[in-house]
Amino acid sequence: DFAGRTLRDILTFFGLSGTDISARDPETPGDGLGLISQVFDIYGEDDETSDELGLLIGRRGETLAALQYVLNVIISGKFEGDHVFSIDVEGYRRRREDTLTDLAHRIAGEVIETGDVITLEPMPAAERRIVHLALEEMDGVTTESVGSGGDRKVEIMPD
């Protein structure tokens with residue numbers, strides 16, 4: 001309850017009071033399945049508010065990641081334990097997960113066909129995790145994160 005109220009207060013502070021927030025259990029790796037306590041889905045109550053919510057996502061989801069971080073810092077300061085929450089805005093994370101999974105399978109097919117190692121663009125840890133999990137059961141390829149800091153990438157290589 002506290003996490004939901006805190007998120008509502010943050011949205012109101014940004015002038016985004018015309019939003020619906022719902023809480024659910026994580027369902028997929030992109031939701032943080034196995035890592036996250038609950039996912040807060042934010043949707044606009046009308047088209048205008050939905051368009052404004054793009055500001056919460058930011059470039060490549062960076063603002064959304066920062067918002068999620070702030071929410072979790074506030075909660076961890078108030079409560080002890082491993083309560084970690086994820087935020088999704090207008091289904092952005094689910095769409096991004098689908099895109100990354102499709103990309104991973106397409107590139108893995110290319111790696112199997114050519115035998116070449118292919119390195120993906122730099123991406124945040126949560127997105128690299130999606131790629132690793134998408135390919136962990138696939139025969140013929142392995143994945144590895146390479147690089148450091150904000151330049152960490154996933155390498156997909158023949159098995």
Side-chain angles (χ1 to χ4, degrees), residues 3 7 10-11 14 16 19-44 46-73 75-76 82-159:
L7 182 56
I10 292 170
L11 294 176
F14 286 121
L16 297 169
T19 56
D20 289 324
I21 302 172
S22 61
R24 62 177 170 81
D25 291 332
E27 301 165 352
T28 65
D31 284 343
L33 186 62
L35 304 172
I36 301 295
S37 302
Q38 273 192 316
V39 178
F40 289 108
D41 290 312
I42 303 171
Y43 290 94
D46 54 42
D47 289 341
E48 184 179 330
T49 305
S50 290
D51 291 344
E52 291 174 357
L53 287 176
L55 297 171
L56 287 181
I57 297 169
R59 183 178 163 269
R60 301 185 73 207
E62 291 172 355
T63 305
L64 181 56
L67 175 64
Q68 181 174 300
Y69 175 77
V70 167
L71 178 67
N72 282 300
V73 166
I75 291 164
S76 68
D82 294 332
H83 303 289
V84 180
F85 297 90
S86 178
I87 301 172
D88 194 2
V89 175
E90 294 279 333
Y92 168 79
R93 287 189 193 259
R94 185 60 56 94
R95 288 190 309 274
R96 182 70 176 148
E97 179 179 11
D98 291 345
T99 299
L100 287 170
T101 301
D102 291 346
L103 172 70
H105 287 117
R106 187 171 44 80
I107 297 297
E110 191 175 325
V111 166
I112 291 169
E113 186 178 309
T114 65
D116 293 337
V117 174
I118 297 178
T119 305
L120 301 180
E121 73 216 29
M123 58 184 74
E127 292 187 356
R128 289 193 315 273
R129 180 176 182 265
I130 291 167
V131 173
H132 290 303
L133 291 174
L135 299 179
E136 75 178 347
E137 300 294 323
M138 187 173 214
D139 291 331
V141 296
T142 59
T143 61
E144 181 177 307
S145 287
V146 296
S148 62
D151 286 333
R152 286 189 61 81
K153 306 169 188 174
V154 175
E155 271 189 355
I156 302 173
M157 55 203 121
D159 204 8

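Taking CG from L67 and CZ from F14, the interatomic distance works out to 7.0 Å, rounded to the nearest 0.5 Å. Between the OH atom in Y43 and the CG atom in D88 there is a gap of 6.0 Å [rounded to 0.5 Å]. A distance of 4.0 Å separates CZ of R93 from CG of L64, quoted to the nearest 0.5 Å. The distance from the CD1 atom of I107 to the CG atom of L135 is 10.0 Å, given to the nearest 0.5 Å.
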Test log, rule side-chain contact (heavy atoms from CB on, under 4.5 Å), inputs V84 and I36: CA-CA 5 Å; V84 180; I36 301 295; 3.6 Å; yes
I would like to know whether R106 and L103 meet side-chain contact (heavy atoms from CB on, under 4.5 Å); could you show each step before the answer? CA-CA 5 Å; R106 187 171 44 80; L103 172 70; 3.0 Å; yes
Verdict with supporting geometry, F85 and L7, side-chain contact (heavy atoms from CB on, under 4.5 Å): CA-CA 11 Å; F85 297 90; L7 182 56; over 6 Å; no
Verdict with supporting geometry, V131 and E127, side-chain contact (heavy atoms from CB on, under 4.5 Å): CA-CA 7 Å; V131 173; E127 292 187 356; over 6 Å; no
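Put simply, the side chain of D116 never gets that close to the backbone of I118: no donor and acceptor are under 3.5 Å apart. For D31 (side chain) and E27 (main-chain N/O), a donor-acceptor pair under 3.5 Å exists by modelled atom type. A donor-acceptor contact shorter than 3.5 Å is absent between the side chain of R152 and the backbone of A125. A donor-acceptor pair is defined here as one N or O able to donate and one able to accept, closer than 3.5 Å; no such pair exists between the side chain of Q68 and the backbone of S86. The main-chain N or O of G44 is found under 3.5 Å from a side-chain atom of E90 such that the two form a donor-acceptor pair.
For the residue pair D98 / T101, no side-chain donor-acceptor distance below 3.5 Å is found, with atom types taken as modelled.
Considering only heavy atoms from C-beta on, R96 stays 4.5 Å or farther from I130 through its side chain. Between I112 and V141, some side-chain heavy-atom pair lies under the 4.5 Å cut-off. L100 has its side chain out of reach of L120: every pair of non-hydrogen atoms, C-beta onward, lies at least 4.5 Å apart. Under the 4.5 Å side-chain criterion, counting only non-hydrogen atoms from C-beta, Q38 is not in contact with H83. Within the 4.5 Å cutoff, the side chain of T28 has no heavy atoms near those of the L33 side chain. Side-chain contact between H132 and S145: present, with at least one pair of heavy atoms (C-beta onward) separated by less than 4.5 Å.
Shown here is E113, whose CD atom has no more than 12 heavy atoms of other residues, nucleotides or ligands within 6.0 Å. Other residues, nucleotides and ligands contribute more than 12 heavy atoms inside 6.0 Å of the CG atom of D20. Within a 6.0 Å radius of CG in D47, no more than 12 heavy atoms belonging to other residues, nucleotides or ligands are found. Within 6.0 Å of atom CD in E121, more than 12 heavy atoms from other residues, nucleotides or ligands are found, so the atom counts as buried in its surroundings.
Using a 4.0 Å cut-off between charged nitrogen and carboxylate oxygen, R24 and D41 count as a salt-bridge pair.
For the side-chain contact (heavy atoms from CB on, under 4.5 Å) test with L16, the passing option among I10, I42, L53, L55 is L53; the others fail.
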